[in-house]
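Okay, structure first, notes after.
Computed from heavy atoms alone, side chains included, the values below leave out hydrogens, waters and symmetry copies.
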Amino acid sequence: MTSTAHTSGSVSVSAGVRGGDSAAGQGVGPLLRGWREQRRVSQLELALRAGSSARHISFVETGRSRPSEEMVLRLAEHLDVPVRDRNSLLLAAGYAPRYPQTPLADPALDALREGVERLIRGYEPYPALVVDATYDVVAANRGVLMLLDGVPGHLLAPPLNAMRLTLHPEGLAPRIRNLREWRGHLLAQMERDIALRRSEPLRALYEEVAAYPAPDPGPGPGPGPGPEAEPGAVPDAGPSGESRVGAVGSVPGDEEAAEPVSRFALPMRIEHEGRVLSFVSSISTFNTPMDVTVSELAIETLLPADRATVTYLHSLMS
């Protein structure tokens, strides 16, 4: 993150995006075989998907046959190879990269950058941010900045990293009431991304945040709330799978004592100024990107999971 738009309270899109690393010095055959094995696809299955033959796929993987540029791209598409690594496959096969990597500050991306910033500003008062392939924050709205109140300056220094901010013991972690669950969700998400992208920077980030102190698991299952349940919560409210959250998440004057919270998705329950806010996360990416930078952007929106959170956030922004 290179700058902050103080007038609007939002973090501006940064000038660069880092992505995954690719293997260098290998022929295209071993690289394709690696992707195929990682995706657990047989040579015959890949051949059927790509309109080829198992014999030809075998010859390509062993170096006995040089695939055409079109075949490299077709195999990469059916193996769900990330755009950055499709360029690596083309280079390994002796062809020029097909997909550019345009810096976000480039005028060619002005419309996209402005559109993304408009989108996350329009989502206020709810938090929304844009991250790159290693979870560095390239844009964020005022809802996110509100959650970062009180975070030490060394964690806010560029590049701002969403995973580090969330899981660091001096970041948001102490405020997240269900940290054990949320931490497990984020680490599993990173593991899936590493399997997809083969990114060494992402793996290094994973090893860093996974080494942060884990929350105390507390006592075993029992009749009462666990150590991470917020005050006023009533656990396991019958076979419906719903629980009730008390007025701790409401604004002054709210007469609702409790409301049912459906577990339609894992929420992040985070404390802010004495109140517990509840969010579920949604992540969006660009459809059929033709640029490495754009392919590695993700827009995350935090949707309020209860009415008390909605009311409180609107009271802050009014």
Residues 206-213, side-chain donor-acceptor partners within the protein, below 3.5 Å, at least two apart:
residue: Y206; atom: OH; partner: E191; partner atom: OE2; Å: 2.6
residue: E208; atom: OE1; partner: R164; partner atom: NH2; Å: 3.0
residue: E208; atom: OE2; partner: R164; partner atom: NE; Å: 2.7
residue: E208; atom: OE2; partner: Y212; partner atom: OH; Å: 2.5

In terms of the angle between their ring planes, are H185 and W182 parallel, tilted or perpendicular, with boundaries placed at 30° and 60°?
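H185 vs W182 ring planes: tilted.
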Within the structure provided, determine whether [X] and [Y] are in side-chain contact (heavy-atom separation under 4.5 Å).
X    : Y    : result
M268 : E181 : no
L160 : D136 : no
L196 : P82  : yes
F279 : P127 : yes
L316 : P125 : no
M146 : R142 : no
T285 : I299 : no
Y126 : L302 : no

Just checking, R198 and W35: is the charged tip under 6.0 Å from the six-membered ring centre and within 45° of the axis?
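Flagged: R198 positioned over aromatic ring of W35.
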How long is the gap from [atom1] on [X] to [atom2] on [Y], to the nearest 0.5 Å?
X    : Y    : atom1 : atom2 : value
L303 : T301 : CG    : OG1   : 7.0 Å
L44  : R55  : CG    : CZ    : 14.5 Å
L73  : N87  : CG    : CG    : 9.0 Å
L75  : E61  : CG    : CD    : 8.5 Å
I57  : S65  : CD1   : OG    : 9.5 Å
S278 : R269 : OG    : CZ    : 7.0 Å

Derivation of the side-chain contact (heavy atoms from CB on, under 4.5 Å) call for L148 and L156
CA-CA 9 Å; L148 297 182; L156 299 177; 4.1 Å; yes
Which atom of [X] lies closest to which atom of [Y], heavy atoms considered:
X    : Y    : answer
P103 : T293 : N-OG1, 4.5 Å
I283 : A298 : CG2-CB, 3.9 Å
L202 : A133 : CD1-O, 3.9 Å
V81  : D85  : CG1-CB, 3.5 Å
L147 : R175 : O-NH1, 3.0 Å
L205 : T134 : CD2-O, 3.3 Å

Indicate, with yes or no, if [Y] and [X] share a hydrophobic cluster defined by side-chain heavy-atom contacts under 4.5 Å among Ile, Leu, Val, Met, Phe, Trp and Tyr.
X    : Y    : result
V310 : V144 : yes
V60  : L91  : no
L32  : F59  : no

Between [X] and [Y], is there a donor-acceptor pair closer than 3.5 Å when you use the side chain of the first and the backbone of the second?
X    : Y    : answer
S58  : A54  : no
D110 : R113 : no
R177 : E271 : no
N141 : I120 : yes
S295 : V83  : no

Look at E70 together with R74 and state whether they make a salt bridge at an N to O cut-off of under 4.0 Å.
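Judged by the 4.0 Å cut-off on N to carboxylate O distance, E70 and R74 do form a salt bridge.
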Step by step, work out the side-chain contact (heavy atoms from CB on, under 4.5 Å) result for L167 and L187.
CA-CA 10 Å; L167 297 178; L187 292 179; 4.3 Å; yes
One pair to check against side-chain contact (heavy atoms from CB on, under 4.5 Å): I270 and R275. What are the steps and the verdict?
CA-CA 8 Å; I270 184 168; R275 292 172 169 82; over 6 Å; no
Under 3.5 Å donor-acceptor pairs involving side-chain atoms of residues 45-52, not counting sequence neighbours:
residue: E45; atom: OE2; partner: R49; partner atom: NH2; Å: 2.6
residue: R49; atom: NH1; partner: H78; partner atom: O; Å: 3.2

We want to know whether Q189 and Y135 form a side-chain donor-acceptor pair, criterion being a heavy-atom distance below 3.5 angstrom.
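Present: a donor and an acceptor within the cut-off.
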Between D306 and T309, do the side chains contain a donor N or O and an acceptor N or O under 3.5 Å apart?
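D306 and T309 do have a side-chain donor-acceptor pair below 3.5 Å.
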Given E296 and R197, is the salt bridge (charged side-chain N to carboxylate O under 4.0 Å, His left out) satisfied, shown in steps?
CA-CA 10 Å; E296 294 177 346; R197 295 174 178 160; 5.9 Å; no
Candidate pair R86 and E77, rule salt bridge (charged side-chain N to carboxylate O under 4.0 Å, His left out), full reasoning
CA-CA 9 Å; R86 296 185 192 192; E77 179 180 357; 5.4 Å; no
Could you walk me through whether I176 and R183 satisfy the side-chain contact (heavy atoms from CB on, under 4.5 Å) test, starting with their C-alpha distance in whole Å, then the side-chain angles of each, then the deciding distance to 0.1 Å, before giving a yes or no?
CA-CA 9 Å; I176 299 176; R183 178 179 183 271; over 6 Å; no
R64, CZ: over 12 other non-hydrogen atoms inside 6.0 angstrom
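Atom CZ in R64 is not packed in, count stays at 12 or less.
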